[in-house]
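Hydrogens, waters and symmetry mates are skipped; everything else that's a heavy atom, side chains included, is used. Letters A, B, ... are given to chains in the order of the sequence lines, protein chains preceding strands, and every chain is numbered from 1. Note that the coordinates shown come from a computational prediction; the quantities given were computed from them, not determined experimentally.
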Number of protein chains: 2
Amino acid sequence: MKPVSIKDIAKAAGVSHPTVSRALCFSPLVKAETAQRIRDMATAMGYRPNAVARGLVTRRTRTIGAVVTTLTDPFHGEVLSGVEELASDHHYSVFVANCNADADREIRVVKLFQERRVDGIVVMCSRVGALYAPLLRELKIPIVLINSNYPNDVFDSVAIDNLGASLQAVQHLISLGHSQIAYLGDQFGLDSDRERFAGYRQALLGAGLPVVTSLTVCGDGTPEGGQAAAARLLALPEPPTAIFCYNDQSAIGALSAIRVHGLRVPEDVSIVGFDDLRIASFANPPLTTVRQPRQLMGRTAAGILLDLLSGSVGQTHVQIPGELIIRRSTATCSTAVSDIQEPAI
Amino acid sequence: MKPVSIKDIAKAAGVSHPTVSRALCFSPLVKAETAQRIRDMATAMGYRPNAVARGLVTRRTRTIGAVVTTLTDPFHGEVLSGVEELASDHHYSVFVANCNADADREIRVVKLFQERRVDGIVVMCSRVGALYAPLLRELKIPIVLINSNYPNDVFDSVAIDNLGASLQAVQHLISLGHSQIAYLGDQFGLDSDRERFAGYRQALLGAGLPVVTSLTVCGDGTPEGGQAAAARLLALPEPPTAIFCYNDQSAIGALSAIRVHGLRVPEDVSIVGFDDLRIASFANPPLTTVRQPRQLMGRTAAGILLDLLSGSVGQTHVQIPGELIIRRSTATCSTAVSDIQEPAI
DNA sequence: TTGTACGCGTTATCAC
DNA sequence: GTGATAACGCGTACAA
């Protein structure tokens with residue numbers, strides 16, 4: 001009934017259990033032929049090492065915890081995939097936990113991971129904020145953040161250059177002649193949202209354009225939220241000619257809202273997304289967006305974590321430049337180019 | 001440096017460590033006031049129970065392992081989300097591991113989970129097949145499968161009624177007058193793919209239509225794969241007037257291929273997907289598809305697993321009916337209704 | 001009501 | 001080379 005242990009093998013092989021342990025770890029301290037004999041018996045008896053017991057004595061579990069805001073978001077799935085990939089390459093296992101964009105829950109999850117004695121933690125899109133950062137810090141577990149920036153650099157991090165990328169994206173719209181540009185953001189107070197808005201703002205101000213309050217609306221990162229928010233923009237007395245969206249999911253919702261409203265993309269309204277999800281290039285029209293190397297970001301974060309675990313010191317902050325991918329959801333502003341450019345029918 | 005243990009608390013409180021253990025577990029065997037005093041000290045000292053040590057002695061880790069074919073697929077992310085949700089409701093933690101639709105890797109991952117002494121395992125879209133099922137069975141760990149059906153019912157399972165749903169989907173196309181209907185499948189030999197093809201086939205035969213080999217093509221479950229496969233269909237001398245796709249991702253690729261080919265959906269070609277991903281209703285045109293309640297399926301599978309862990313016996317096979325959601329990617333077959341229906345331009 | 005003693009399966013530290 | 005023995009942190013008989 002109970003799985004076989006090294007003691008069982010020891011008994012069967014007529015040696016002591018530490019010898020079995022050494023043989024299985026390929027320790028040079030044990031005679032080659034007995035080691036081989038022991039290993040053969042182990043496989044014959046169907047032995048599987050107990051990682052729990054090993055973790056107790058070595059004080060390292062070779063596990064890492066991944067905290068995710070919403071697993072249902074394909075963005076997070078891909079980052080997580082990168083984390084898992086690198087982790088498993090190094091024989092680490094990954095715990096996942098959802099925190100539903102809730103800071104309290106995020107802290108509870110991290111504490112749970114602490115009880116599980118994970119060696120390190122990766123947090124995606126943390127919502128904990130600078131206020132609670134010390135609380136996490138005192139847990140004494142290495143933490144790497146993905147796409148959230150604490151002002152005081154308490155944790156190592158991997159993040160895209162949100163501000164620079166947004167700046168670039170909105171400048172692209174401005175260069176197409178747009179001046180009525182809206183920002184369709186998120187609603188959870190994520191750092192990335194704030195930074196993308198800052199880039200938007202900076203681009204407008206840099207071009208001498210006003211930042212109009214009514215042109216900033218909040219979605220929730222989903223197509224549904226994006227659709228609703230875009231509908232509000234289109235109902236404005238002076239609707240925007242271009243919308244810069246917090247992410248691709250929102251942008252896809254906006255695309256749909258514009259269609260429902262009887263307008264066309266990009267002839268009537270230009271749309272820019274963020275993330276370059278796989279479906280972005282399959283949208284109709286294909287979405288102009290900012291590429292985030294999601295799996296790479298996950299791998300990078302996991303790599304930093306493993307470095308930390310093997311004793312590296314000093315903070316690492318990887319900043320990844322965003323790349324603007326111009327597809328067919330953006331075009332020159334029709335009202336700016338000429339007054340008569342309505343379609344024949 | 002080392003985290004505080006119950007022995008540390010015992011020393012500080014002047015009691016023995018079993019008393020501390022009892023107090024923390026709210027055992028009635030310890031005097032209420034000492035129990036309270038101990039618990040206060042525990043929190044004051046920042047005590048966090050060690051789940052590893054507890055797992056070693058109780059032989060239950062309160063963890064479950066989730067094996068996923070591709071985390072990057074939003075379908076799997078949502079199912080996983082359901083699993084994690086129910087698990088965490090019951091204070092279980094979830095390990096994730098990718099197996100990349102590789103049967104060998106799937107078995108390795110399951111064995112790794114066994115070493116981690118997970119209490120149970122959920123496998124999504126297993127590729128192990130009947131041949132290796134005994135190998136998994138002898139690991140003596142409860143396993144629940146999602147969306148894969150072993151012919152011999154060795155494991156508990158949750159699956160959608162692939163055959164019935166496909167039948168319904170293809171009958172819908174037939175009722176619209178289509179007779180040149182293609183199947184755009186997957187390539188990894190998944191059970192779900194086989195069953196959906198079987199439903200497709202059965203619908204055709206039931207309507208007295210021939211099953212044409214050239215109208216069956218394989219994608220890989222991604223938009224890219226779907227696009228390439230659809231392009232092959234469109235290049236046929238007698239291209240199909242409708243395509244039933246293995247999943248929504250493939251369907252979105254097909255949508256794009258048709259657009260590139262200069263044809264329209266649904267006027268020239270009708271498309272049916274499978275899954276009803278969130279983006280399905282935001283596609284252009286909104287996708288007719290089969291709804292799978294993904295999170296519910298994940299929750300259900302986790303529920304079965306937890307029942308198993310609390311001693312339930314007898315196999316459970318939950319079969320979820322698929323629901324056909326008719327949107328705007330399907331329409332009556334133009335060539336069947338009249339001969340002249342080409343657009344003016 | 002509480003303390004003593006032991007075991008969980010491993011690795012680590014000594015001897016020999 | 002190998003074998004006792006201890007330790008990791010916790011739960012649980014049993015004794016007090």
Of the nucleotides [options], which has the atom closest to the [X] side chain?
X	options	value
A/Asn50	D/dG9, C/dC6, C/dT10	C/dT10
B/Leu29	D/dC10, C/dT10, C/dT2	C/dT2
B/Leu56	C/dT2, D/dG9, C/dT11	D/dG9

Do any side-chain nitrogens or oxygens of [X] fall under 4.0 Å of OP1 or OP2 in [N]?
X	N	answer
A/Lys7	C/dG7	no
A/Ser16	D/dG3	yes
B/Thr19	C/dG3	yes
B/Thr58	C/dC8	no

Just the rounded figure in Å: distance from [atom2] of [N] to [atom1] of [X].
X	N	atom1	atom2	value
B/Arg62	D/dC10	CZ	P	17 Å
B/Lys31	C/dG3	NZ	C1'	15 Å
B/Ile9	D/dG11	CD1	P	11 Å
B/Leu24	D/dG9	CG	C1'	13 Å
B/Lys2	D/dC10	NZ	P	11 Å
B/Phe26	D/dG11	CZ	P	13 Å
B/Arg54	C/dG9	CZ	P	18 Å
A/Ile6	D/dT2	CD1	P	15 Å

Quick one: label [X] by what it contacts on the DNA or RNA (base, sugar-phosphate, nothing), any heavy atom closer than 4.0 Å.
X	value
B/Val30	sugar-phosphate
B/Val15	sugar-phosphate
A/Arg59	sugar-phosphate

Query raised in the report: Just checking, is any N or O donor in the side chain of B/Arg116 or B/Thr63 under 3.5 Å from an acceptor N or O on the other one?
Result: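 No, B/Thr63 and B/Arg116 have no side-chain donor paired with an acceptor closer than 3.5 Å.
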Donor-acceptor pair (no angle test) under 3.5 Å: [X] side chain, [N] base:
X	N	answer
B/Arg22	C/dG3	yes
A/Arg117	D/dG9	no
A/His17	C/dT11	yes

Query - Close side-chain approach of A/Leu305 and A/Val122, heavy atoms under 4.5 Å - result: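 A/Leu305 vs A/Val122: side chains touch.
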Query raised in the report: Taking side chain as C-beta onward, heavy atoms only, is A/Phe113 less than 4.5 Å from A/Leu139?
Result: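 No, side chains not in contact.
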Query - Contact nearer the 5' end of DNA chain C, comparing B/Thr34 with A/Ala53 - result: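 The residue whose closest nucleotide sits nearer the 5' end is B/Thr34.
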**Report entry** Shortest non-hydrogen contact from B/Ile143 toward B/Val123
**Finding:**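 It is CG2-CG2, 4.0 Å.
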Query - Shortest non-hydrogen contact between B/Ile141 and B/Val118, atoms and distance - result: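 That would be CG2-O, 4.3 Å.
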Query raised in the report: So does B/Arg37 pair up with B/Asp40, basic N to acidic O under 4.0 Å?
Result: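 The answer is no: the pair does not qualify as a salt bridge.
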